[in-house]
*Asks:* 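Have a look at this one before I ask anything.
Counting starts at 1 for both ligands and their atoms, following the listed order. Being a predicted model, the structure only gives us computed values, none of them experimental.
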Amino acid sequence: MNSQPLVHRLNRRLLLSRSAAVVGASSMGLLLPQIVRAQSNKVRVGFMLPYTGAYAQLGVAIENAVRMAIAEKGGKLGGREIEWFKVDDESEPSKGVENAQKLVQRDKVDVLIGTVHSGVQMGIQRVARESGVLSIIPNAGLHAATRGLCAPNVFRTSFTNAQPTSALGKPMMDRGLKRAVWITHKYAAGDEAFEGFRDSYTKAGGTIVKELGLPFPGVEFQALLTEIASLKPDAVACFFAGSAASKFMRDYAAAGLQGKIPLWGSGFLTEGVLQATGAAAEGVMSTLHYADSLDTPRNQQFRSAFAQQFKMQPDVYAVQGYDAGQLLIRSLDAVKGDMSNKAAMYKAMETAVIDSPRGRWTMSKAHNPVQDMYLRVVEKGDNKVVGVAQKAVADSAAGCKMG
Ligand code: PHB
């Protein structure tokens with residue numbers, strides 16, 4: 001995919017035709033200041049998201065929902081028009097810094113919204129800390145972003161990787177599942193999700209009999225499933241997301257494990273993939289800060305508006321994108337569009353109570369959501385809420401010092 005799609009080509013064309021107009025007009029000494037002012041008065045918002053690869057559909061859901069939140073409030077930020085930019089990060093960590101710089105240095109965005117993959121987030125975090133550009137994380141759970149490498153200009157509307165799994169241990173043990181195998185994609189997100197699972201499960205008295213993994217974005221699960229079958233644990237707990245999650249559940253069922261060894265997960269396992277997974281997802285249990293079936297007017301209104309606009313069902317990624325839009329609105333409204341007033345902008349974000357489809361949440365001192373975790377089960381192709389697994393879950397924020 002062209003990493004600077006339509007928006008960029010159009011911008012370039014617009015710029016060229018504008019500069020032609022400007023040359024003509026400025027020679028008459030008239031138009032230049034107005035054009036320059038009009039152009040620079042727009043808020044420049046950059047998306048750095050995966051639009052190709054295993055997490056492509058996650059990126060699309062996030063972008064759609066950010067745009068929807070802002071459109072619902074009149075399509076402006078602090079009274080200013082918006083100019084959009086986007087870069088496809090391909091969930092490729094080695095290009096993380098370079099891609100973030102494209103938005104910050106080349107496109108000169110005022111705010112960078114991204115990304116999904118924790119490895120890529122590390123690149124954004126570096127660029128955000130060096131440049132001071134406002135950065136909103138609409139998914140990636142990378143611990144460092146709101147722990148050791150936290151920053152005044154970086155806010156997250158999603159989760160830390162250990163947050164959802166920190167709610168897994170108790171409900172598993174409540175059901176007598178005392179010996180579990182852990183399996184994950186081996187990269188920051190999976191390893192950090194393991195931290196939450198290990199701590200909560202062992203604290204509740206469970207034993208982890210084996211940790212299994214494969215490199216992201218590999219989907220060769222066969223040998224690992226054979227090993228799980230021979231280990232005969234009481235349950236399997238895992239972290240997978242996007243198309244790989246769907247493939248994992250289908251392979252799990254095809255290997256004859258569905259219904260025999262209960263499958264549990266960080267709830268991303270069943271987000272955005274239920275249709276593609278079909279019957280293989282039925283019965284899967286998970287913990288997450290959202291569930292389709294949350295029976296609140298806020299969630300229902302969000303779900304029907306999103307489905308109507310984008311002809312796709314919203315999922316947790318859409319919710320996090322929607323809340324990134326809500327947070328941005330709040331910050332620019334607080335300063336009436338004057339982004340030079342950073343202290344007031346950040347204060348507005350720090351004190352925000354976000355009225356989210358997931359339920360209300362607040363921002364921790366480290367700029368990460370404090371939020372409820374739901375226990376869910378897949379039933380008839382839907383993530384059904386079983387109950388609240390843990391209330392007001394806050395990340396440890398270990399090592400965060402706002403400089
Ligand atoms: C991550 O890499 O942080 C990540 C990706 C996809 C998810 C959750 C976390 O669903």
*Asks:* Does the side chain of R376 come within less than 4.5 Å of L288's, by heavy atoms?
*Replies:* yes

*Asks:* Walk me through whether H185 and F239 qualify under ring pair (Phe, Tyr, Trp, His ring centres under 6.0 Å).
*Replies:* CA-CA 7 Å; H185 264 147; F239 168 83; 7.7 Å; no

*Asks:* What residues come within 4.0 Å of ligand 1, counting heavy atoms only?
*Replies:* Y55, V116, H117, S118, N139, A140, G141, F159, N161, Y187, A189, F239, A241, F268, Y317

*Asks:* Got a sec: does the CE of M339 have more than 12 other heavy atoms crowding it under 6.0 Å?
*Replies:* yes

*Asks:* Would you tabulate the side-chain donor-acceptor contacts of residues 254-262 under 3.5 Å, counting partners in other chains and residues two or more places apart, or write 'none'?
*Replies:*
| unit_1 | atom_1 | unit_2 | atom_2 | d |
| --- | --- | --- | --- | --- |
| Q258 | NE2 | A279 | O | 2.9 |
| Q258 | NE2 | A280 | O | 3.2 |
| Q258 | NE2 | E282 | O | 3.2 |

*Asks:* Which residue pairs satisfy the disulfide (SG to SG under 2.5 Å) criterion with at least one member in residues 77-192, sequence neighbours excluded?
*Replies:* C150-C400

*Asks:* For residues 134-145, dump all side-chain donor-acceptor pairs below 3.5 Å to protein atoms at least two apart in sequence or in another chain.
*Replies:*
| unit_1 | atom_1 | unit_2 | atom_2 | d |
| --- | --- | --- | --- | --- |
| N139 | OD1 | Q320 | NE2 | 2.9 |
| N139 | ND2 | V116 | O | 3.0 |
| H143 | ND1 | R147 | NH1 | 3.3 |
| H143 | NE2 | A162 | N | 3.1 |

